[in-house]
Amino acid sequence: MTEKSWDEQRFADIEYNLQAIREEIARAAEASGRTAADIDFMAVTKTVDERFINHAIDCGVTLIGENRVQELLRKKPNLHLAGVRKNLIGHLQTNKVAQIVGEVDMIESVDSLKVAREIGKQSVKKGLVTDVLVEVNIGLEESKTGFVPEAAPDAVAEMAEIQGIRICGLMSVPPICEDRAKLCKYFENMYNMYVDIGAKKIDNVSMNVLSMGMSGDFAEAIRAGSNHVRVGSRIFGPRVY
Ligand SMILES: *Cc1c(COP(=O)(O)O)cnc(C)c1O
């Protein structure tokens, strides 16, 4: 295939995939007594070239997610971002915080008090309040960052004291599970924690966003109560690192 036709095929695939995903989101939302409008749908654009991201935006995507600060800042000028929110979803190093504050709509991957304090400090410096989600390592995996479930409620309460951030909810990436029942259990545990923390009515904390569900499991996540899914490879195809 020529490069042109390869691009055109990929554009068509993206449009087709987005349509299929939207239908699955709507079905899962309805199964849990909600509608598609209740679910925030993020296109995860890490490693994806700007022309394909812009095509997804042309097809109606209004929220994108990137994992790395440098990649996000590099791509940003080339993206058609009018009316599109962009969130950081990958582990954030403290020394990169100053670069990202003010450049994104939300930081979903706040995985330590240290990084939360630095986001607060840099936000105050810029006269901003940064929306954040608290990341929970629901599967207690060594390889993952995030608060262990036992520590998360206290961490949220402690973070609530920090000036310059607004805690909007929780985010999680559960373990890869062949066993769907086990996977659903992780999602249910996240949902219960989200509800319990919300019920505490902590000042400066609103549990409005429960960010969980990716390409392989967004329907299960929605049925368990997620209202914010992060989908990458199902839209853009497999990533080659
Ligand atoms: C890459 C990534 C996703 C999307 O993963 P897919 O399986 O490609 O949908 C979602 N969330 C986070 C935090 C990611 O790093």
Check your understanding: Can Leu79 and Val84 be said to form a side-chain contact (heavy atoms from CB on, under 4.5 Å), step by step?
Key -> CA-CA 10 Å; Leu79 298 176; Val84 176; over 6 Å; no
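Just one residue in the list Met190, His228, Met212 forms a side-chain contact (heavy atoms from CB on, under 4.5 Å) with Leu170, and that residue is Met190. Shown are Ile53, Asn54, Val48, Asp49; of these, the side-chain contact (heavy atoms from CB on, under 4.5 Å) with Arg51 is made only by Asp49. Between Gln122 and the options Leu128, Thr94, Val101, Ile100, a side-chain contact (heavy atoms from CB on, under 4.5 Å) holds for only Val101.
For the atom pair CD1 (Ile107) and CD1 (Ile119), the distance works out to 4.0 Å, reported to the nearest 0.5 Å. Going from atom OG of Ser32 over to atom CD1 of Ile39 covers 6.0 Å, rounded to the nearest 0.5 Å. The line from CD1 of Ile57 to CD of Glu50 is 10.5 Å long, rounded to the nearest 0.5 Å. Here the straight-line distance linking atom NZ of Lys46 with atom CD1 of Ile64 works out to 13.5 Å at 0.5 Å rounding. We find the OG1-CD distance between Thr47 and Glu71 to be 6.5 Å, quoted to the nearest 0.5 Å. Going from atom CD1 of Ile162 over to atom CE of Met159 covers 6.5 Å, rounded to the nearest 0.5 Å.
Not a single donor-acceptor pair under 3.5 Å links the side chain of Lys182 to the backbone N or O of Cys177. With hydrogens and angles ignored, the 3.5 Å screen pairs a side-chain donor or acceptor of Tyr194 with a backbone N or O of Met207. Remark: the backbone N or O of Ala98 is paired with a side-chain donor or acceptor of Lys126 at under 3.5 angstrom. Side-chain atoms of Asn87 never come within 3.5 Å of backbone atoms of Gly65 as a donor-acceptor pair (strictly under, hydrogens ignored). Remark: side-chain polar atoms of Thr130 are not paired, donor with acceptor, to backbone N or O of Ile165 under 3.5 angstrom. Looking at Lys121, its side chain never comes within 3.5 Å of a backbone N or O of Gly164 through a donor-acceptor pair.
Looking at heavy atoms from C-beta onward, Arg85 lies in side-chain contact with Asp40 at the 4.5 angstrom threshold. Residues Phe187 and Asp217 meet the side-chain proximity criterion, which asks for heavy atoms closer than 4.5 Å. Under the 4.5 Å side-chain criterion, counting only non-hydrogen atoms from C-beta, Asp38 is not in contact with Asn227. The shortest distance between side-chain heavy atoms of Glu15 and His55 falls below 4.5 Å. The shortest distance between side-chain heavy atoms of Gln70 and Lys96 falls below 4.5 Å. The shortest side-chain heavy-atom distance between Arg234 and Asn17 does not fall under the 4.5 Å cut-off. Side-chain contact between Phe41 and Leu63 is absent, with no heavy atoms from C-beta onward closer than 4.5 Å. With contacts defined as side-chain heavy-atom distances shorter than 4.5 Å, the pair Lys200/Asp196 does not qualify.
There is no side-chain donor-acceptor pair under 3.5 Å between Glu188 and Asn192. Under 3.5 Å, the side chains of Glu23 and Gln19 contain a donor-acceptor pair of N or O atoms. Glu108 and Ser211 form a side-chain donor-acceptor contact under 3.5 Å, judged by distance and modelled atom types alone.
Here Phe52 pairs with Phe11 under the ring pair (Phe, Tyr, Trp, His ring centres under 6.0 Å) rule; sequence neighbours left out. In this structure, the salt bridge (Lys or Arg N to Asp or Glu O under 4.0 Å) partners of Arg166, at least two apart in sequence or on a different chain, are Asp131. Among residues two or more places apart in sequence or in another chain, the salt bridge (Lys or Arg N to Asp or Glu O under 4.0 Å) test is passed with Arg223 by none.
Across all non-hydrogen atoms, the minimal contact from Met106 to Cys168 is CE-CB, 3.9 Å. What you find for Ala160 and Asn204 is that their closest heavy atoms are O-ND2, 2.9 Å.
Counted within 6.0 Å of CG on Asn95, heavy atoms from surrounding residues, nucleotides or ligands total more than 12; the atom is thus considered enclosed. Annotation: Lys76, atom NZ; neighbour count of heavy atoms from other residues, nucleotides and ligands within 6.0 Å is above 12.
Under the 4.5 Å side-chain heavy-atom criterion for grouping Ile, Leu, Val, Met, Phe, Trp and Tyr, Val124 is not connected to Ile167 through any hydrophobic cluster.
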